[in-house]
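Letters A, B, ... mirror the listed sequences (proteins, then strands); counts begin at 1. Computed from a predicted structure; not experimentally measured.
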There are 2 protein chains.
Amino acid sequence: MSDSDLVSLLSTSFQTLIDKLHERLSELGFHDIRPVHGYMIKYIALHDGATGIELADHLGITKQAVSKIVDYLEENDYIQRKPHPTDKRGKIVVLTERGRIVMEAKENILNEIEQHLIDNIGAKRLQMIKDDLASVIRKT
Amino acid sequence: MSDSDLVSLLSTSFQTLIDKLHERLSELGFHDIRPVHGYMIKYIALHDGATGIELADHLGITKQAVSKIVDYLEENDYIQRKPHPTDKRGKIVVLTERGRIVMEAKENILNEIEQHLIDNIGAKRLQMIKDDLASVIRKT
DNA sequence: CATATGTAGTCAATCAAGTTGACTACATAT
DNA sequence: ATATGTAGTCAACTTGATTGACTACATATG
């Protein structure tokens, strides 16, 4: 194949899978969601709510940018701002029902994608790839 | 690790390597280059020159966007526009000396990165990853 | 061969998603 | 009590792309 260096292969395979994911989400009616929204929703779910600054740190963008994305996701009924329980300056962002549903759908699609790959190359080999990618990240 | 699904691992490992590449290029004095410039330069080199529309098709962006990037790379002495040999409407974009040098530097750094990985996980296993990533791309 | 339609590239205006800077309200340290 | 720090928002700007309009040239058709 023409794309034969590792970096190109990583780029293309990531793009292929993320496109597949969002194509499927779109089919399920979630046409208004981008990858960054997924990362944000995942973080919120994992921590049972998050502040703007936590999200900014996690995503590596400014709190102002987070604020705009939160506006968007709130308008589209994926998340909701609530007053922070202890800090009156702050707010926490939590998932709505729709937010929980899209997150679950995303998990399911990612599992399907991995399952499809397991059918092709086997579970052991998929696990090896994952381990190796983790070591690429650790050792670079 | 927290990033344990395949898509996240692909994203993070790609980002890690591309950051490493551009950090090294920057050390060599090529601070004025972004990933998209690398893709464009590679395509031009591979085809011994390219038209704007070929580049737009290859990169998946509009010809107007290509035109702006070509402006930038021409100002920074990586490439040069020449009249198209047969089509008087067209131009072809070719590499300058600096363009050839940066491309070679990029290839060398990518090879070093792969070599570093081979030292860690072995050549066979790297080849397996590459094969598997290629099949992710083909079969999705 | 004349003419209609198509194509390569550029210019201009606009859009999208981020940034920096300034500000308010509240929190924390001295 | 007061000074300094922090969470979030608003506004202005930047960057890298887009769409639309245009010019010059190419190609197909009557």
Side-chain angles (χ1 to χ4, degrees), chain A residues 11 15 18-19 22 25-26 30-44 47-76 78-95, chain B residues 11 15 18-19 22 25-26 30-44 47-76 78-95:
Chain A
S11 166
Q15 201 55 54
I18 205 93
D19 286 353
H22 284 272
L25 285 173
S26 197
F30 303 113
H31 59 284
D32 51 359
I33 214 125
R34 286 184 300 130
V36 66
H37 302 145
Y39 300 138
M40 186 174 275
I41 286 171
K42 185 176 177 182
Y43 184 92
I44 295 167
H47 296 78
D48 275 313
T51 66
I53 291 201
E54 283 164 9
L55 291 171
D57 288 348
H58 175 65
L59 297 174
I61 57 179
T62 59
K63 59 185 180 167
Q64 294 91 327
V66 166
S67 196
K68 287 186 196 180
I69 298 173
V70 169
D71 285 348
Y72 175 84
L73 288 176
E74 196 166 31
E75 277 160 25
N76 286 275
Y78 290 105
I79 64 181
Q80 201 188 348
R81 283 177 174 95
K82 299 211 163 179
H84 192 283
T86 60
D87 186 337
K88 282 185 191 163
R89 292 169 306 177
K91 300 180 183 175
I92 54 166
V93 180
V94 297
L95 296 190
Chain B
S11 165
Q15 201 55 54
I18 204 92
D19 286 353
H22 284 273
L25 285 174
S26 197
F30 302 113
H31 59 284
D32 51 359
I33 214 126
R34 287 185 300 128
V36 66
H37 302 145
Y39 300 138
M40 185 174 277
I41 286 172
K42 186 176 176 180
Y43 184 92
I44 295 167
H47 295 79
D48 275 313
T51 66
I53 291 200
E54 284 164 8
L55 291 170
D57 287 348
H58 175 65
L59 297 174
I61 58 179
T62 60
K63 59 185 179 166
Q64 294 91 328
V66 166
S67 195
K68 287 188 197 178
I69 299 173
V70 169
D71 285 346
Y72 175 84
L73 288 176
E74 196 166 33
E75 277 161 24
N76 287 273
Y78 289 106
I79 65 181
Q80 201 187 347
R81 284 178 175 93
K82 299 209 164 180
H84 193 284
T86 61
D87 187 337
K88 281 185 191 165
R89 291 169 307 176
K91 301 180 182 176
I92 53 165
V93 180
V94 297
L95 297 190

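- Checking side-chain atoms of B:Glu74 against main-chain N and O of B:Arg81 turns up a donor-acceptor pair under 3.5 Å.
- Using a 4.5 Å heavy-atom threshold, the side chains of A:Ile79 and A:Val94 count as separate.
- Projected onto DNA chain D by closest heavy-atom contact, A:Ser67 and A:Arg89 fall at different nucleotides, the more 5' of which corresponds to A:Arg89.
- Although no hydrogens or angles enter the test, the distance criterion places a donor-acceptor pair under 3.5 Å between the side chain of B:His47 and the main chain of B:Tyr43.
- Rounded to 10 degrees, the angle separating the terminal axes of the helix from C:dC1-D:dG30 to C:dT30-D:dA1 is 20°, with each axis obtained from five end pairs.
- Once rounded to the nearest 0.5 Å, the distance linking NE2 of B:His58 with CD1 of B:Ile53 reads 15.5 Å.
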List, with names and distances, any nitrogen or oxygen atoms from the protein found under 3.5 Å away from nitrogen or oxygen atoms belonging to nucleotides 14-19 of chain C.
residue : atom : partner : partner atom : Å
C:dA17  : OP1  : A:Arg34 : NE           : 3.4
C:dG18  : N7   : A:Lys68 : NZ           : 3.2
C:dG18  : O6   : A:Lys68 : NZ           : 2.7
C:dT19  : OP2  : A:Thr62 : N            : 3.0
C:dT19  : OP2  : A:Thr62 : OG1          : 2.6
C:dT19  : O4   : A:Lys68 : NZ           : 3.2

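- The span of DNA chain D lying next to chain A, judged by atoms under 4.0 Å from heavy atoms, is bounded 5' to 3' by D:dG5 to D:dA12.
- A:Tyr72 places a side-chain N or O within donor-acceptor distance of the main-chain N or O of A:Asp32, the cut-off being under 3.5 Å.
- Between the A:Asn76 side chain and the A:Tyr78 main chain, no donor and acceptor come within less than 3.5 Å of each other.
- Note that CD1 of A:Ile61 is 4.0 Å distant from CD1 of A:Ile69, once rounded to the nearest 0.5 Å.
- A:Ile44 is listed as a side-chain neighbour of A:Met40, based on a closest heavy-atom distance under 4.5 Å.
- For the side-chain contact (heavy atoms from CB on, under 4.5 Å) test with B:Val93, the passing option among B:Thr51, B:Ile41, B:Val70 is B:Val70; the others fail.
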Intermediate values then yes/no, side chain to side chain contact (heavy atoms under 4.5 Å, CB included), B:His22 and B:Ile33: CA-CA 8 Å; B:His22 284 273; B:Ile33 214 126; 3.9 Å; yes
